[in-house]
Amino acid sequence: MSAKTHNEWESELIELEKFIVNAKERARKEQVASDKALLEDQIVKLEVGRDKFLKALYSNVGDWEKVLIARAEKRPYTLDYVTALFQDFVELQGDRNGFADNAIIGGPATFDGRPVMIVGHQKGRNIHERQFRNFAMAKPEGYRKAIRLFEMAERYQMPVISLVDTPAADPGVESESRGISEAIAASTMKMFELSVPSIAVIIGEGGSGGAIGIAAASRVLMLQYSVYSVIPPEGCAAILWRMPERGAEAARALKLTAESAQSFGLIDEILPEPIGGAHRTPIEAFATVKDAIVKHLAELDKMSPAEVRADRFAKFRKMGEFETVLF
Amino acid sequence: MSAKTHNEWESELIELEKFIVNAKERARKEQVASDKALLEDQIVKLEVGRDKFLKALYSNVGDWEKVLIARAEKRPYTLDYVTALFQDFVELQGDRNGFADNAIIGGPATFDGRPVMIVGHQKGRNIHERQFRNFAMAKPEGYRKAIRLFEMAERYQMPVISLVDTPAADPGVESESRGISEAIAASTMKMFELSVPSIAVIIGEGGSGGAIGIAAASRVLMLQYSVYSVIPPEGCAAILWRMPERGAEAARALKLTAESAQSFGLIDEILPEPIGGAHRTPIEAFATVKDAIVKHLAELDKMSPAEVRADRFAKFRKMGEFETVLF
Amino acid sequence: MKQSEAFLQCQSCKKILFSIDFDQNLRVCTYCGHHHRISAETRIKWTFDEDSFEELDTDLRSGNPLEFPDYIDKLRLAEEKTQKFDSMTVGRAKLAEMPVSIAVADFSFMGGSMGSVNGEKVTRALERGVKEKCPVIIFCASGGARMQEGLLSLMQMAKTTAAVQQCREAGIPYIAVFTDPTMAGVLASYASVADVIIAEPKALVGFAGARVSKQAGVSKVPDDFQTAEFCLKHGMIDTIVPRKEMRSVLISLVKTLGGHLFVEGGAK
Amino acid sequence: MKQSEAFLQCQSCKKILFSIDFDQNLRVCTYCGHHHRISAETRIKWTFDEDSFEELDTDLRSGNPLEFPDYIDKLRLAEEKTQKFDSMTVGRAKLAEMPVSIAVADFSFMGGSMGSVNGEKVTRALERGVKEKCPVIIFCASGGARMQEGLLSLMQMAKTTAAVQQCREAGIPYIAVFTDPTMAGVLASYASVADVIIAEPKALVGFAGARVSKQAGVSKVPDDFQTAEFCLKHGMIDTIVPRKEMRSVLISLVKTLGGHLFVEGGAK
Ligand SMILES: [Zn+2]
Ligand SMILES: [Zn+2]
């Protein structure tokens with residue numbers, strides 16, 4: 001039986017870590033020197049054990065477990081990257097059409113000494129935040145805000161950095177009535193119009209149409225344990241077998257991992273995560289993402305605006321796998 | 001005391017016309033030949049009198065009376081012009097953002113053998129139509145639809161013909177919440193972006209911001225008895241004297257006539273109406289409007305796309321009257 | 001519709017119709033006006049100039065890149081049933097002598113779902129418009145992206161949308177017609193960014209399947225939710241056109257929006 | 001605010017404030033946070049680099065083209081009161097050494113209404129951005145178009161909006177700040193089409209005056225109707241920024257959006 005949440009999958013590790021914390025507390029309080037030394041000795045051994053366990057657990061992460069890691073609530077979210085990697089960020093809000101969205105955030109900032117435009121899905125860590133962010137499921141106004149920011153980026157020659165992390169676009173009646181489909185399509189199309197370079201990083205969940213609306217970029221990078229899928233595995237299982245609980249099986253069938261995406265030529269690079277995942281050592285994940293963006297921007301900087309456009313079109317034009325039949 | 005409605009102002013004429021119709025009916029039914037001849041003789045005299053009266057009434061139309069004529073419910077509306085002057089019209093609807101507006105209509109059509117894009121305010125003739133058209137007061141979605149049509153006109157090299165006939169933009173809470181101001185401004189701005197020629201004809205009421213949103217054209221023409229104003233005269237009277245009923249006085253103060261607009265260099269041509277107004281002989285008004293559009297399009301056709309833009313900018317750039325003080 | 005020789009039953013109002021009348025009325029119920037689904041061939045025959053259609057790209061066939069369970073079986077079944085490799089039929093046609101590039105979907109092939117072949121054919125139809133300087137008309141019918149091709153299917157959304165952008169850039173008008181049903185991945189890509197969107201009456205048009213909306217805890221759903229009429233009311237489509245007027249409306253649109261592409265007697 | 005030597009009263013919460021504190025707090029009430037209206041000079045002093053402002057176009061003065069009743073009297077009164085010819089103060093300034101073209105409105109001159117002079121000054125400020133390749137910042141405060149100049153005032157909406165279009169075309173970022181109040185003809189023209197729109201907290205922002213909305217039979221009006229907060233909720237502005245953070249937010253925006261205009265140490 002597969003784990004249902006990231007915490008469940010990591011439960012033994014988490015127990016072990018809790019145990020070590022308690023042991024350290026006991027050691028700190030222990031007055032008798034010999035007992036304290038004994039305890040400290042045990043802690044070292046426990047930590048070695050923990051490290052081994054961690055390495056073992058993360059040396060063989062299954063497709064479904066990647067889904068769990070990608071969704072982990074401890075995982076760094078868009079605003080964590082913004083805080084860590086960018087300066088001068090001013091969040092710009094609103095679609096200028098009557099609505100505001102909190103599942104997609106964005107605005108101009110300085111990155112590595114140059115102006116860029118950031119757009120990204122934002123998840124929440126507690127129930128209040130999650131509701132405020134609508135579980136990172138953007139409504140039409142989120143994509144229309146993105147379009148506005150993309151247009152600004154084009155006018156003022158700022159590369160676009162988009163951070164993708166959504167289970168899906170919002171499927172509610174309101175979103176439907178304001179044209180969620182059109183908003184996604186128009187945002188995707190706008191990304192192809194850009195003559196400034198764009199880089200999309202799938203930092204967590206790349207959830208179908210909700211993701212592609214801000215992911216049609218010059219370069220698409222995926223963190224090692226992020227996932228990118230045409231449909232959530234539970235939804236796939238519900239359609240195939242009428243059993244949403246067979247998500248793990250569907251996850252394998254859907255080939256939603258970074259390796260698979262790379263093997264089909266759909267992404268440009270996999271960004272390795274620290275052992276134990278981005279959530280365990282965020283500072284390393286931030287550095288990896290930063291270096292990757294710097295590197296790819298440097299390559300894209302060599303292109304003329306027309307080349308940037310042509311390169312992006314060519315990249316997506318090739319996507320697809322089919323046979324050609326001879327009659 | 002000024003008339004309050006167009007019907008009130010024309011009341012004697014309308015009575016006279018009714019009397020003639022009745023007399024004709026009596027003449028038709030009259031069996032006695034001599035009596036019939038007498039009646040017919042009277043009718044000829046009545047008609048001569050009617051023509052004289054009509055000419056006298058319309059030879060001296062005051063500013064306020066122009067407001068009444070511009071608002072007359074018998075006056076030809078946008079769709080009347082569309083039917084009379086255009087072929088292949090397909091009405092395109094929706095702002096593609098969640099909302100539809102019936103106060104502004106538009107779509108592509110053939111005019112004088114060439115494709116054009118039509119955008120215009122639409123009034124209603126009965127209470128049901130008037131409500132459906134929101135009294136020609138467009139909501140944000142009306143201007144956003146216009147923007148969409150302007151963009152299509154630009155892409156497919158179609159001149160824009162806009163027909164202006166609105167008391168004002170919709171001032172309700174819904175319009176405010178969806179950004180009526182932004183919609184008007186964005187639509188006005190989009191008109192300046194166009195490199196295709198544009199012609200706006202004020203066919204009735206040119207009501208402040210509601211009008212300008214679709215009237216920032218290469219050429220602005222006004223029908224003789226249409227009005228174009230920064231504020232409805234009643235609104236002006238309410239602000240100035242706290243007496244909306246002093247509209248006639250305000251109408252004179254506001255200088256909202258075609259002659260005045262022309263004298264300040266704000267419009268390009270006054271299109272004369274038939275005696276008795278466009279509503280009395282619409283076919284003549286249609287011909288006048290058609291000829292004027294053909295003529296101005298022919299002039300604009302001589303310009304390159306860049307010249308069309310530059311010409312429009314230069315035209316509006318000059319508008320304004322002020323003094324320069326020497327220190 | 002259930003067919004029994006000379007009679008059949010309307011799928012909507014369940015009234016009994018004569019087969020001959022039904023076809024003469026373009027498979028629109030004479031009682032309730034329900035527009036029944038039709039094949040791509042029938043659609044093309046009823047819409048474009050007689051014998052003007054030239055089919056292209058018939059050699060594209062889906063593989064099974066993900067080795068997705070049961071996919072190949074489902075594909076072969078659909079191929080056998082329809083004698084085609086995909087739901088999309090594409091090629092050149094004419095409307096009142098004006099050349100157009102067309103793509104016409106047939107829902108009966110795996111629910112019109114968009115996999116690599118589908119996306120490629122749509123992309124080529126749009127590109128053909130750019131290359132041959134003629135307007136593009138796409139009749140949509142799809143349940144969405146093809147799950148069995150995973151992320152490859154999702155990328156068809158980006159690929160086809162990019163092709164629409166190139167049409168815009170090149171001044172090529174693109175008209176989409178939403179037929180029953182036009183959903184999800186197709187609606188959220190090339191379908192919704194057409195210059196002009198026409199829908200057939202009562203066509204189902206929406207982003208999320210009813211199941212998803214229900215899961216999302218959607219309680220109050222309007223009666224006309226996810227219909228063409230709902231879309232029109234919400235400004236998402238331009239107009240609803242009954243099947244029998246479709247051809248003449250398309251002619252007007254191609255003539256006006258495509259006017260810059262044509263000179264007297266043919267393409268520039 | 002009513003001033004009586006060392007004390008004054010907050011216009012919103014009516015609490016008594018020390019004049020010195022009040023100025024040090026940028027005329028924001030320390031109790032309720034109400035942002036009181038300030039003059040253009042004060043605004044410029046508190047926002048831009050010290051002594052960087054160079055005022056321009058001070059020679060423009062309104063005439064009375066329509067010979068509108070009482071207009072000249074009202075104008076002369078306002079001129080006397082403010083020692084200016086118009087509510088708009090325009091010129092060059094700097095933000096953290098970066099050159100900007102600015103226009104700052106003062107509501108106390110005839111309610112900041114936009115006549116020919118006002119429109120001309122805004123237009124010139126925007127054009128200056130294009131000519132001198134620097135970002136444009138406009139602080140808005142206006143009741144709307146100036147009725148007394150009739151159609152000439154309405155055309156200022158088109159003229160100023162056209163100037164914004166030219167900024168966009170030339171790659172010149174334009175930031176608008178809505179201060180209390182930003183209404184009607186100004187809101188429906190250059191103000192609303194800025195790249196970035198910032199509002200001061202609780203600023204009145206709307207299209208139709210309360211009187212018009214009432215005439216239109218508007219019954220249910222939300223509590224925050226026509227406030228900056230209402231606009232933010234409805235996606236019409238980017239952010240609400242308290243006066244004391246305004247300078248630093250503007251610096252970030254000019255630095256990022258205007259980055260392509262600057263090289264180390266000054267304008268390109
Ligand atoms: Zn039926
Ligand atoms: Zn206070």
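Here is how names work: the chains are called A, B, and so on, in the same order as the sequence lines, proteins then strands, and each is numbered from 1.
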C:Pro65 versus chain A, the contacting section by heavy-atom distance below 4.5 Å
both

Look at C:Ala158, C:Gly206, C:Ser189, C:Pro69 and state which one has the largest set of heavy-atom pairs under 4.5 Å with chain A.
C:Ala158

Got A:Ile239 and A:Ile231 here, is their nearest side-chain heavy-atom distance under 4.5 Å?
yes

Contact class of A:Ser208 relative to chain C, heavy atoms under 4.5 angstrom
both

Which of A:Ile180, A:Ile184, A:Leu326, A:Leu266 touches chain C most, by non-hydrogen pairs under 4.5 Å:
A:Leu266

Measuring heavy-atom distances to chain C, does A:Arg178 have an atom under 4.5 Å in its side chain, in its backbone, in both, or in neither?
backbone

Heavy-atom distance under 4.5 Å to chain A: side chain of C:Tyr71, backbone, both or neither?
neither

Step by step, would you call C:Val117 with C:Phe85 a side chain to side chain contact (heavy atoms under 4.5 Å, CB included)?
CA-CA 9 Å; C:Val117 169; C:Phe85 289 151; 5.6 Å; no

Under 4.5 Å from any heavy atom of chain A - which part of C:Met236:
side chain

Bottom line for A:Phe313: the part with an atom under 4.5 Å from chain C's heavy atoms is side chain

Measuring only between side-chain heavy atoms, which start at C-beta, is C:Asp195 closer than 4.5 Å to C:Arg168?
yes

Given a strict heavy-atom distance threshold of 4.5 Å, which part of A:Ala169 is in contact with chain C: side chain, backbone, both, or neither?
both

At a heavy-atom separation under 4.5 Å, does A:Ile212 approach chain C through its side chain, its backbone, both, or neither?
side chain

Could you look at C:Gln156 and say if it's the side chain, the backbone, both or neither that has a heavy atom under 4.5 Å from chain A?
side chain

Contact class of C:Thr160 relative to chain A, heavy atoms under 4.5 angstrom:
neither

Kindly check if the number of other-residue, nucleotide or ligand heavy atoms within 6.0 Å of CG (C:Asp51) is above 12?
no

Below 4.5 Å, heavy atoms only, C-beta onward: do C:Val130 and C:Leu126 meet side chain to side chain?
no

Hey, is CD on A:Glu323 packed in by over 12 heavy atoms from elsewhere, all under 6.0 Å?
yes

Starting from the C-alpha separation in whole Å, work towards a yes-or-no answer on side chain to side chain donor-acceptor pair (under 3.5 Å) for A:Glu176 and C:Gln226.
CA-CA 8 Å; A:Glu176 197 76 74; C:Gln226 292 188 337; 2.7 Å; yes

When only pairs under 4.5 Å are counted, which of C:Arg146, C:Glu120, C:Glu149, C:Met157 shares the most heavy-atom pairs with chain A?
C:Glu120

Does A:Arg71 reach the side chain of A:Glu205, with side-chain heavy atoms less than 4.5 Å apart?
yes

Any side-chain heavy-atom pair from A:Tyr225 and A:Val61 closer than 4.5 angstrom?
yes

